[in-house]
Amino acid sequence: MSKQTYKVGFFFRRQFTMAAAEAPADIKNLFKRYSDDSGVMSVQNLHRFLIEIQKEKNVSLENAEAIINNHGGDSKQKGLQLDGFFKFLFSDVNPPLDPKLGIHHDMTAPLSHYYIYTGHNSYLTGNQLSSDCSDVPIIQALQRSVRVIELDIWPNSDKDDIEVLHGRTLTAPVTLIKCLRSIKEHAFCASEYPLVITLEDHLTPDLQEKVAEMITQTFGEMLFSPSESLKELPSPESLRKRVMISTKPPKEYLKSKEVKEKDDTKKEAEDDVDEEEDEDEDEGEDDEEDSKSEKKVASEYKRLIAIHAGKGKGGLSDWLRVDLNKVRRLSLSEPELEKAVDTHAKEIIRFTQHNLLRIYPKGIRVDSSNYDPFVGWTHGAQMVAFNMQGYGRSLWLMHGMFRANGGCGYVKKPDILLKAGPDNEVFDPTANLPVKTTLKVTVYMGDGWDRDFDRTDFDTYSPPDFYAKLGIAGVPADEVKKRTETIDDNWIPSWNEQFEFPLTVPELALLRIKVLDYNLSDKDEFAGQTCLPVAELRQGIRAVPLYDRKGEKYSSVKLLMHFEFK
């Protein structure tokens, strides 16, 4: 026990008693159930607890003995007392996702069968209008296992070199060669699975050839450049430590287009800050077949493209047409996708079984905010492109999705999105499906804020008033939000509340957890968050680490929770 004093005005002091973290009643009862009359849990009984309550597989007596040795076990009685048992359950060695699981998805399927961790305008340090362009956010993304890096490439002011910047804005450029060198250095620092560089190209053929030379010299044998158009996408396993270029094939370049772009600069910048919409809409792969004597094509640049991009001619039905003799990447803006799922949902899912679909934020998101990734994910979109500096709920969901499969940046899509039914029917994410399983969650308590925060970070005159919010993100039928009661004036809140989440598509579900400090007269203050892939949750009592707004793990803050599937 200790006391904490808060100053109220000039003359008054408020004093609060701070108790040490104490095992919840459920933990005490479990300890009593698995310990002997002397209050000690033996190696054999701990082993039984790990199998029966924690649902551990392939756990040995040696594993149980190691836990006892590492958590204050009684050397004479060779067992754990209650304090050691509680410390083990609430320690970093007991996380909700099994670190031993590692990369366990089948990695030999075509790339189209995976969700791929994808960045948008990967070079921007802040907002979409005036922030600096740099290789630093690219490096940071690669360190998080992001597997798709986007670069917007433009001529420099002298038209003799290439810069990376968000065109027609005030963003300060960075040279392409600097970005490429940083990508090479850090490409596989967190994941060995293939890295895709998507190029948003605004170059003349001579500069495209210069880009080809830069890329070839920088990456060398790391480059995957097929000699002919792919009929099927290769697998992540076959492309370990390889780099792929994805962009529209270079089409003919006319001087008149350059003049027109200058004239239209002001109008287009006002209409939509994001260049991608215009670029994909008017340039199709079919156009490149036209040839006129005055037109030039950058052949070496074209040869480097592993995944061809572009919408082609016609409307949405034409864009989504599947050609079994070739694969391609289609890009749709956030609003385009929202409209498309209303009219062409089945076609989108069929398209993504063979091809790649990339979704990017609408142009008005100049603050680098993000959107709901599940609209794309539930329809099979592999590349849901996010602003990695756009911290908030949407990005936390992205972090949660890619904690799965060992955090390698590739998550196998569930079979329901990859296979057609007996009548060639495909998955409908809006359908009312039967409940497959129910996730039962108990939130026992939280701890660590007093070590990671200053005394007055939450409330000036008292300890914080914490409550937890829980929810499911996934298909619409599974989405739900719940919350605990508020525990007043306590750095170590003890909730002991239970929640149930019926799930129709658990394969696509994420468990969202957020802790806030309640404020009567102001906005509740953020106190930590995490998102966990339900398909990989370990049953039993687990210590759940929380993360800050940017997705960085706190040193000490965690929740003690119990997960069970019924």
Side-chain angles (χ1 to χ4, degrees), residues 102-120 122 135 138-151 179-200 211-212 214-248 301 303-309 326-331 352-359 377 380-386 388 398 401-413 418:
I103 299 165
H104 58 284
H105 292 181
D106 174 15
M107 302 301 284
T108 62
L111 288 175
S112 56
H113 289 206
Y114 300 84
Y115 297 121
I116 309 173
Y117 206 170
T118 302
H120 172 256
S122 305
D135 63 332
I138 296 172
I139 295 168
Q140 292 170 339
L142 294 171
Q143 290 170 339
R144 276 191 175 272
S145 295
V146 171
R147 296 291 82 197
V148 183
I149 296 294
E150 182 189 27
L151 302 177
C179 294
L180 295 178
R181 287 170 178 166
S182 292
I183 289 171
K184 180 185 180 182
E185 182 179 352
H186 299 276
F188 304 107
C189 64
S191 172
E192 292 189 350
Y193 287 101
L195 177 71
V196 180
I197 302 174
T198 61
L199 298 177
E200 194 64 45
V211 169
M214 285 183 185
I215 289 174
T216 302
Q217 290 181 355
T218 301
F219 296 109
E221 293 299 314
M222 295 167 67
L223 270 179
F224 173 74
S225 302
S227 57
E228 56 186 28
S229 294
L230 295 170
K231 291 185 178 181
E232 183 179 68
L233 289 163
S235 71
E237 186 63 38
S238 69
L239 293 173
R240 276 179 177 262
K241 292 198 170 184
R242 301 296 294 274
V243 174
M244 306 172 76
I245 303 299
S246 179
T247 187
K248 295 179 297 299
Y301 182 76
R303 187 182 60 79
L304 291 179
I305 301 171
I307 304 172
H308 288 204
K326 66 177 180 179
V327 293
R328 58 194 172 92
R329 172 174 67 82
L330 171 66
S331 286
T352 58
Q353 291 172 349
H354 185 64
N355 302 281
L356 296 177
L357 176 59
R358 174 178 171 272
I359 312 301
W377 286 338
Q382 299 89 351
M383 297 180 173
V384 177
F386 262 33
M388 295 300 164
M398 182 69 67
M401 170 63 85
F402 289 101
R403 287 192 175 105
N405 199 28
C408 72
Y410 284 82
V411 173
K412 188 84 157 49
K413 293 196 289 188
L418 299 173

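These numbers come from the heavy atoms of this one structure, side chains and all, not from hydrogens, waters or symmetry mates. Quick note: residue numbers are just sequence positions, from 1. This structure is a prediction, so every number in the text was calculated from the model and none was measured.
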Checklist entry - Would the number of heavy atoms belonging to other residues, nucleotides or ligands and lying under 6.0 Å from CZ of R240 be above 12? => result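 Enclosed.
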Item to check | Evaluation steps, side-chain contact (heavy atoms from CB on, under 4.5 Å), between C179 and I138 | outcome: CA-CA 8 Å; C179 294; I138 296 172; 3.9 Å; yes
Is the closest side-chain heavy-atom distance between [X] and [Y] below 4.5 Å?
| X | Y | value |
| --- | --- | --- |
| I197 | F219 | yes |
| E192 | R242 | no |
| H113 | D106 | no |
| V243 | K184 | no |

[atom1] of [X] to [atom2] of [Y]: how many Å apart, nearest 0.5 Å?
| X | Y | atom1 | atom2 | result |
| --- | --- | --- | --- | --- |
| S238 | F224 | OG | CZ | 7.0 Å |
| S229 | I305 | OG | CD1 | 9.5 Å |
| D135 | I149 | CG | CD1 | 11.0 Å |
| I215 | L223 | CD1 | CG | 7.0 Å |
| W377 | M401 | CH2 | CE | 4.5 Å |
| K241 | M222 | NZ | CE | 8.5 Å |

Item to check | CA sep, side-chain torsions, deciding dist, call: Y193, E237, side-chain contact (heavy atoms from CB on, under 4.5 Å) | outcome: CA-CA 7 Å; Y193 287 101; E237 186 63 38; 3.2 Å; yes
Item to check | Pair R147, S145: side-chain N/O donor-acceptor within cut-off below 3.5 Å | outcome: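 Looking only at side-chain atoms, S145 and R147 do not form any donor-acceptor pair under 3.5 Å.
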Provide the closest heavy-atom pair for [X] versus [Y] in the form atom of the first, atom of the second, distance.
| X | Y | answer |
| --- | --- | --- |
| L142 | A190 | O-CB, 3.6 Å |
| L180 | M214 | CD1-CB, 3.9 Å |
| L151 | I183 | CD1-CD1, 4.2 Å |
| A381 | I359 | CB-CG1, 4.0 Å |
| L230 | A306 | CD1-O, 3.5 Å |
| Y410 | P194 | OH-O, 2.7 Å |

Using a 3.5 Å distance criterion without hydrogens, assess whether the side chain of [X] forms a donor-acceptor pair with backbone atoms of [Y].
| X | Y | value |
| --- | --- | --- |
| T118 | M383 | no |
| N405 | H105 | yes |
| K413 | S112 | yes |
| Q382 | L357 | yes |
| Y301 | V211 | no |
| Q143 | C189 | no |
| S191 | C408 | yes |
| K326 | H308 | no |

Checklist entry - Given the rule in the side-chain contact (heavy atoms from CB on, under 4.5 Å) test, do H120 and F386 qualify, once you have shown the distances and angles that lead to the verdict? => result CA-CA 5 Å; H120 172 256; F386 262 33; 5.7 Å; no
Checklist entry - So which of R329, R328, R358 actually passes side-chain hydrogen bond (donor to acceptor under 3.5 Å, both in side chains) with S246? => result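 Only match with S246 under side-chain hydrogen bond (donor to acceptor under 3.5 Å, both in side chains): R329.
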Item to check | M388 vs Q140, side-chain contact (heavy atoms from CB on, under 4.5 Å): CA-CA, chis, key distance, verdict | outcome: CA-CA 9 Å; M388 295 300 164; Q140 292 170 339; over 6 Å; no
Checklist entry - Which of parallel (below 30°), tilted (30 to 60°) and perpendicular (above 60°) describes Y117 and F402? => result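 Parallel.
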